[in-house]
Q: 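Dumping the structure here so I can ask a few things about it.
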Amino acid sequence: MPANASTTTASPPAASPLHAAVADDFAAVDRTIMAQLTSRVPLVETIGQYIVASGGKRLRPLLVLLAARALGYDGNRHVTLATLVEFMHTSTLLHDDVVDDSHLRRGKATANDAWGNAPSVLVGDFLYSRSFQMMVEVGSMRIMEVLSSATCVIAEGEVLQLTNVGNPDIDEAAYFETIQGKTAMLFEAASHSGAILADATPEQEAALQHYGRYLGLAFQLVDDLLDYQGNAEAMGKNVGDDLAEGKPTLPLIQAMAVGTPEQAQLVRRAIRKGGLDHLEAVLEIVRDTGALDYTRARAIEMADRALAQLDALPASRYRDSMADLARLAVDRQT
């Protein structure tokens, strides 16, 4: 094992107050995650345990649990469903870090930094494959349809983001198309599949599908905002990482749209070049043009849309937790 990787036995991240309504279910998901990481190839288990224990709120499996319970589901297949959704997410993290040549995630070395690109990609493939095995266990063709379609949309979103790197001509509509695919789609699939498992009415199913979509958009908008005003130690990554990679996110798109020609030209040059040579100037521009306030306002708009969808659900502590999650999306600092 590489020297910069942890040698301790993996343990799940601690549950937060958001998980209280489904604490027992969440604990069952943690146990299932570790059980499903079993492989006859030791490196698969090592990297798999390292990445799943490296932090994070496990929001996507939480959405599955809350959505199912909010609609009265009382079986146990939601635990399998939540686990496989987490595996889908984890596999995308492994692949994304290789594509982005990332070295830090949540304050720890990325798997590709610790073990190299090839093992990270292949373990990501293993987790994707295991998630589809578990999908069969859930036994719902509709859920399989939703999740398999989601994987295609997510992959398209990642490719779209990759093709947009270094391109300062991306507009807000293209940006939203990208984050809908790469981030919001799995949020949407998580809450949607939980609703299907609970035999939701058509109205409730549509509401939870849209809840997940808007929640995912809000989270990504705040992620992109924090890249220009967040605390590096709290975030577990460096401020300006998106700029360094030449990613035209909404703060930059808005700054170019409303800034002076000189400001727009500097931001365009920074996106094309990548790196951090222009970081301080860009930080000043996104502040002075109100681009950060605009991005936060759009995140709040998405969170409000998510909250509105919950009117279709009966009152319960699960619905309350989903409302808290929407508020967290815009209030967080990490």
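The structure displayed is predicted, hence computed values, not measured ones.
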Q: Considering non-hydrogen atoms only, spot the tightest contact between Gly246 and Pro248 and give its length.
A: O-CD, 3.4 Å
Q: Once you round to the nearest 0.5 Å, how far does CD of Glu45 lie from CZ of Phe126?
A: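 Atom-to-atom, Glu45:CD and Phe126:CZ are 8.0 Å apart.
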Q: Are Val85 and Tyr318 co-members of a hydrophobic cluster defined by side-chain heavy atoms under 4.5 Å apart?
A: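 Yes.
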Q: Got Ile170 and Ile271 here, is their nearest side-chain heavy-atom distance under 4.5 Å?
A: no
Q: State, with a plain yes or no, whether a side-chain heavy atom of Leu147 is found less than 4.5 Å away from one of Phe132.
A: no
Q: Quick one: do Gln180 and Leu217 satisfy side-chain contact (heavy atoms from CB on, under 4.5 Å)? Show the steps, please.
A: CA-CA 7 Å; Gln180 162 60 24; Leu217 291 173; 4.3 Å; yes
Q: If Ile, Leu, Val, Met, Phe, Trp and Tyr residues are connected whenever their side-chain heavy atoms lie under 4.5 Å apart, and connections chain through other members, are Leu59 and Leu127 in the same group?
A: yes
Q: Are Val29 and Val64 close enough, and set up right, to give a side-chain contact (heavy atoms from CB on, under 4.5 Å), and what steps lead you there?
A: CA-CA 11 Å; Val29 169; Val64 173; over 6 Å; no
Q: To the nearest 0.5 Å, how far apart are OH in Tyr228 and CG in Asp242?
A: 5.5 Å
Q: Residues two or more places apart in sequence or in another chain: which of them pass side chain to side chain donor-acceptor pair (under 3.5 Å) with Asn167?
A: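 Asn167 satisfies side chain to side chain donor-acceptor pair (under 3.5 Å) with no other residue.
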Q: Go through the steps for Thr46 and Trp115 under the test side-chain contact (heavy atoms from CB on, under 4.5 Å), then give the verdict.
A: CA-CA 10 Å; Thr46 299; Trp115 285 274; 3.6 Å; yes
Q: Looking at CE of Met256 and CD1 of Ile285, how far apart are the two atoms once the value is rounded to the nearest 0.5 Å?
A: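 Separation between the atoms: 10.5 Å.
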Q: Report yes if some heavy atom in the side chain of Val99 is under 4.5 Å from a heavy atom in the side chain of Glu158; otherwise report no.
A: no
Q: Cluster question for you: counting only ILVMFWY and a side-chain heavy-atom cut-off of under 4.5 Å, with indirect links fine, are Leu266 and Leu250 together?
A: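 In one cluster: no.
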Q: Quick one: does His192's side chain get under 4.5 Å of Ile196's, heavy atoms only?
A: yes
Q: Can you find a pair of side-chain heavy atoms, one from Arg319 and one from Ser316, that are under 4.5 Å apart?
A: yes
Q: If you measure from CG on Leu63 to CG on Leu81, what distance do you get to the nearest 0.5 Å?
A: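 It comes to 11.0 Å.
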Q: To check you understand the geometry: which heavy-atom pair defines the closest contact between Ala270 and Leu243, and what is its length?
A: CB-CD1, 3.9 Å
Q: Could you state the interatomic distance from OG1 (Thr92) to CG (Asp97), rounded to the nearest 0.5 Å?
A: 9.0 Å
Q: Provide the closest heavy-atom pair for Val258 versus Thr289 in the form atom of the first, atom of the second, distance.
A: CG2-O, 3.6 Å
Q: Could you go through the salt bridge (Lys or Arg N to Asp or Glu O under 4.0 Å) check for Arg272 and Asp169 one step at a time?
A: CA-CA 10 Å; Arg272 285 199 183 100; Asp169 295 319; 5.0 Å; no
Q: Below 3.5 Å, can you tabulate the donor-acceptor pairs from side chains in residues 303-315 to any protein atom, sequence neighbours excluded?
A:
| residue | atom | partner | partner atom | Å |
| --- | --- | --- | --- | --- |
| Arg305 | NH2 | Glu301 | OE2 | 2.7 |

Q: Using 4.0 Å as the upper bound for N to carboxylate O, is an ion pair formed by Lys108 and Asp113?
A: no
Q: Consider only side-chain heavy atoms of I, L, V, M, F, W and Y, link residues closer than 4.5 Å, and tell whether Met302 and Leu208 are in one cluster.
A: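 No, because Met302 and Leu208 fall into different hydrophobic clusters, even though each may have its own neighbours under 4.5 Å.
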Q: Any non-hydrogen side-chain atom of Arg269 less than 4.5 Å from a side-chain atom of Gln265?
A: yes
Q: Quick one: does Ser149's side chain have a donor or acceptor within less than 3.5 Å of a partner on Val146's backbone?
A: no
Q: Treating Thr90 as the side-chain partner and Phe87 as the backbone partner, does any N or O pair qualify as donor plus acceptor under 3.5 Å?
A: no
Q: Do you reckon Val165 sits in the same ILVMFWY cluster as Val98, going by side-chain contacts under 4.5 Å, direct or chained?
A: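 No, separate clusters.
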Q: Closer than 3.5 angstrom, by distance alone: can the side chain of Arg317 be matched with the main-chain N or O of Ala20 as a donor-acceptor pair?
A: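 Such a contact is absent between Arg317 side chain and Ala20 backbone.
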Q: How far apart are the C-alpha atoms of Arg213 and Phe187, what are their side-chain angles, what is the distance that settles it, and do they pass the side-chain contact (heavy atoms from CB on, under 4.5 Å) test?
A: CA-CA 6 Å; Arg213 178 185 306 172; Phe187 278 79; over 6 Å; no
Q: Report the residue from Leu292, Thr249, Val286 that forms a side chain to side chain contact (heavy atoms under 4.5 Å, CB included) with Leu225.
A: Leu292
Q: Can you tell me if Asp241 uses its side chain to pair, donor with acceptor, with the backbone of Asp227 under 3.5 Å?
A: no
Q: Identify the two heavy atoms, one from Pro251 and one from Ala291, that lie closest to each other, and give their separation to 0.1 Å.
A: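 Result for this residue pair: O-CB, 3.2 Å.
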Q: Under 4.0 Å between a Lys/Arg side-chain N and an Asp/Glu carboxylate O for Arg296 and Asp293?
A: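 Answer for the salt bridge query: no.
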Q: Under the side chain to side chain donor-acceptor pair (under 3.5 Å) criterion, do Asp125 and His95 qualify, and how do the steps go?
A: CA-CA 9 Å; Asp125 292 344; His95 290 161; 3.2 Å; yes
Q: To check you understand the geometry: which heavy-atom pair defines the closest contact between Leu66 and Val22, and what is its length?
A: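 So the two residues come closest at CD2-CG1, 3.9 Å.
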Q: State, yes or no, whether a side-chain contact exists between Gln220 and Lys182 at a heavy-atom distance under 4.5 Å.
A: yes
Q: Give me the atom names and distance for the closest heavy-atom approach of Gln161 to Thr178.
A: CB-CG2, 3.7 Å
Q: Please tell me if the side chains of Glu86 and Gln36 come closer than 4.5 Å, counting only heavy atoms from C-beta onward.
A: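 The answer is no, as the side chains (C-beta and beyond) never meet within the 4.5 Å cut-off.
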Q: Can you tell me how far the CG atom of Leu215 sits from the OG1 atom of Thr183, to the nearest 0.5 Å?
A: 11.5 Å
